[in-house]
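Taking it in order: structure first as structure tokens, then the write-up.
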Amino acid sequence: MSGGVKNLMRAAPALALLLLGACASTPAGQPDLLAFIEDGRTTREQALLALGEPSATYEEGRILAFRLGSDKGGYFLLEKQPGFLSVTYSLMLAFDEAGLLRRHSLVALRAP
Amino acid sequence: MATRGAPEVLRWAALPAVALILAGCPIPLPAGYEASSRENVSAEPLDWVTIGVTTREDVLLKLGEADGAAPDGTWLAYGSAYSKGGVVFVLFAGGSAAGVGSERMEYRRIVISFDEKGVLSAIEPVTRDCWEGILGMGSSGERSPPCLKIESRE
């Protein structure tokens with residue numbers, strides 16, 4: 001048996017796993033993505049460090065908006081693009097003048 | 001050199017479209033929201049808002065990120081695009097496809113205005129129904145522009 005064929009046979013199981021794995025969808029959602037959010041405690045800086053750049057800001061950055069998708073695993077962040085393609089939730093964070101979270105809401109953009 | 005008038009050009013463009021309708025397979029387009037549209041813009045009046053009391057923060061926390069906003073924050077626009085269904089006539093030939101059709105759309109938009117203190121001062125709901133044309137050739141396609149811009153006040 002030639003070396004090329006032997007190498008191919010050795011690689012076959014890995015290749016099969018790769019092909020099978022490509023069919024399976026892994027949930028991208030994180031169950032604890034929003035666990036840090038707590039009114040009266042979470043700071044604006046903590047929110048930005050945990051969630052990154054907001055998709056929109058209002059009232060000179062006092063109110064932040066983030067776009068979220070969801071799956072069996074939990075929530076995942078989505079980047080801003082025209083329209084709300086694949087966006088299932090809009091996370092809204094309203095801070096006070098000191099940068100402390102005053103109120104927040106997770107708004108469902110799609111019908112359940 | 002003589003140029004063709006618009007009606008003549010339209011007549012020439014209409015011929016392939018009519019041929020497609022006559023020879024193509026009709027494919028129904030199901031009703032439903034456009035993929036990029038939000039679904040939380042109600043046709044009913046917003047019973048949770050009070051002019052002179054509700055704030056910009058209240059609106060944002062209730063409806064989420066807006067589709068459009070004034071640079072100075074004086075208004076927010078929320079909108080949705082819903083298809084009531086339609087039909088496309090598709091012709092397959094020589095490994096390629098062409099299609100022409102129409103879809104009935106319902107656009108809904110609410111523009112919410114605020115005063116200088118961020119308190120709600122006006123609500124302008126608009127709903128518009130229209131037919132939109134669809135034309136496709138190979139992998140490219142065009143559709144007529146929406147009859148209502150949901151992200152602006154226009």
Side-chain angles (χ1 to χ4, degrees), chain A residues 33-34 37-42 44 47-48 51-71 75-112, chain B residues 30-44 46 48-49 54-83 105 107-110 112-120 143 145-146 148-152:
Chain A
L33 180 70
L34 310 179
I37 296 172
E38 197 179 340
D39 292 351
R41 284 183 176 270
T42 306
R44 194 171 178 281
L48 291 169
L51 303 173
E53 191 182 351
S55 53
T57 64
Y58 303 92
E59 298 192 359
E60 296 170 344
R62 192 180 70 76
I63 301 171
L64 307 178
F66 296 89
R67 295 177 171 203
L68 301 175
S70 63
D71 60 21
Y75 301 108
F76 53 91
L77 288 158
L78 290 165
E79 285 184 12
K80 179 156 185 156
Q81 54 180 322
F84 289 91
L85 188 68
S86 305
V87 181
T88 45
Y89 292 97
S90 178
L91 172 67
M92 304 302 297
L93 305 176
F95 297 89
D96 62 17
E97 286 69 28
L100 211 58
L101 187 65
R102 189 162 73 181
R103 285 200 290 165
H104 76 279
S105 70
L106 190 60
V107 182
L109 300 190
R110 314 269 171 196
Chain B
Y33 281 98
E34 290 287 286
S36 62
S37 170
R38 68 194 312 140
E39 300 175 15
N40 68 333
V41 179
S42 171
E44 308 302 319
L46 304 177
W48 50 270
V49 298
T54 306
T55 64
R56 191 187 291 111
E57 182 180 311
D58 294 333
V59 170
L60 286 164
L61 266 71
K62 184 77 177 178
L63 294 179
E65 183 184 333
D67 289 80
D72 62 358
T74 51
W75 57 264
L76 298 171
Y78 291 90
S80 64
Y82 183 83
S83 167
M105 297 295 299
Y107 293 96
R108 202 178 288 162
R109 184 183 70 195
I110 305 170
I112 305 171
S113 301
F114 304 90
D115 64 16
E116 65 281 354
K117 289 179 180 168
V119 178
L120 198 151
R143 66 183 299 152
L148 181 69
K149 286 185 177 177
I150 56 175
E151 73 286 354
S152 74

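Per chain, numbering begins at 1; letters A, B, ... match sequence-line order.
Looking at Leu76(B), the atoms closer than 4.5 Å to chain A (heavy atoms on both sides) all sit in the side chain, from C-beta outward.
Chain A forms more heavy-atom pairs under 4.5 Å with one residue of Ala66(B), Ala81(B), Gly79(B), Gly118(B) than with any other, namely Ala66(B).
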Is there a side-chain contact (heavy atoms from CB on, under 4.5 Å) between Ile112(B) and Leu63(B)? Walk through the geometry before answering. CA-CA 11 Å; Ile112(B) 305 171; Leu63(B) 294 179; 4.2 Å; yes

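The minimum heavy-atom distance linking Leu64(A) with Leu48(A) is given by the pair CD1-CD2, 4.0 Å. Smallest separation of non-hydrogen atoms from Val107(A) and Leu61(B): CG2-O, 3.4 Å.
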Inter-chain polar pairs, chain A versus chain B: which donor-acceptor atoms lie under 3.5 Å apart?
from      : atom 1 : to       : atom 2 : distance (Å)
Ser55(A)  : OG     : Glu65(B) : OE1    : 2.6
Tyr58(A)  : OH     : Ala66(B) : N      : 3.0
Glu59(A)  : OE2    : Arg56(B) : NH1    : 2.7
Arg62(A)  : NH1    : Glu57(B) : OE1    : 2.9
Arg62(A)  : NH2    : Glu57(B) : OE1    : 2.7
Arg67(A)  : NE     : Glu65(B) : OE1    : 3.2
Arg67(A)  : NE     : Glu65(B) : OE2    : 3.4
Arg67(A)  : NH2    : Glu65(B) : OE2    : 3.0
Phe84(A)  : N      : Ser36(B) : O      : 2.7
Ser90(A)  : OG     : Glu65(B) : N      : 2.9
Arg102(A) : NH2    : Glu57(B) : OE1    : 2.4
Arg102(A) : NH2    : Glu57(B) : OE2    : 3.3
Arg103(A) : NE     : Glu57(B) : OE2    : 3.0
Arg103(A) : NH2    : Glu57(B) : OE2    : 3.1
Arg103(A) : NH2    : Asp58(B) : OD1    : 2.7
Ser105(A) : OG     : Leu61(B) : O      : 2.6
Leu109(A) : O      : Glu39(B) : N      : 2.7
Arg110(A) : NH1    : Ser37(B) : O      : 2.7
Arg110(A) : NH2    : Ala35(B) : O      : 3.3
Ala111(A) : N      : Glu39(B) : OE1    : 2.8

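Put simply, CG on Leu120(B) and CG on Leu46(B) are 9.0 Å apart, with the number rounded to the nearest 0.5 Å. One finds the CD1 atom of Ile110(B) at 11.5 Å from the CD1 atom of Ile150(B) (value rounded to the nearest 0.5 Å).
Considering only heavy atoms from C-beta on, Leu68(A) comes within 4.5 Å of Leu34(A) through its side chain.
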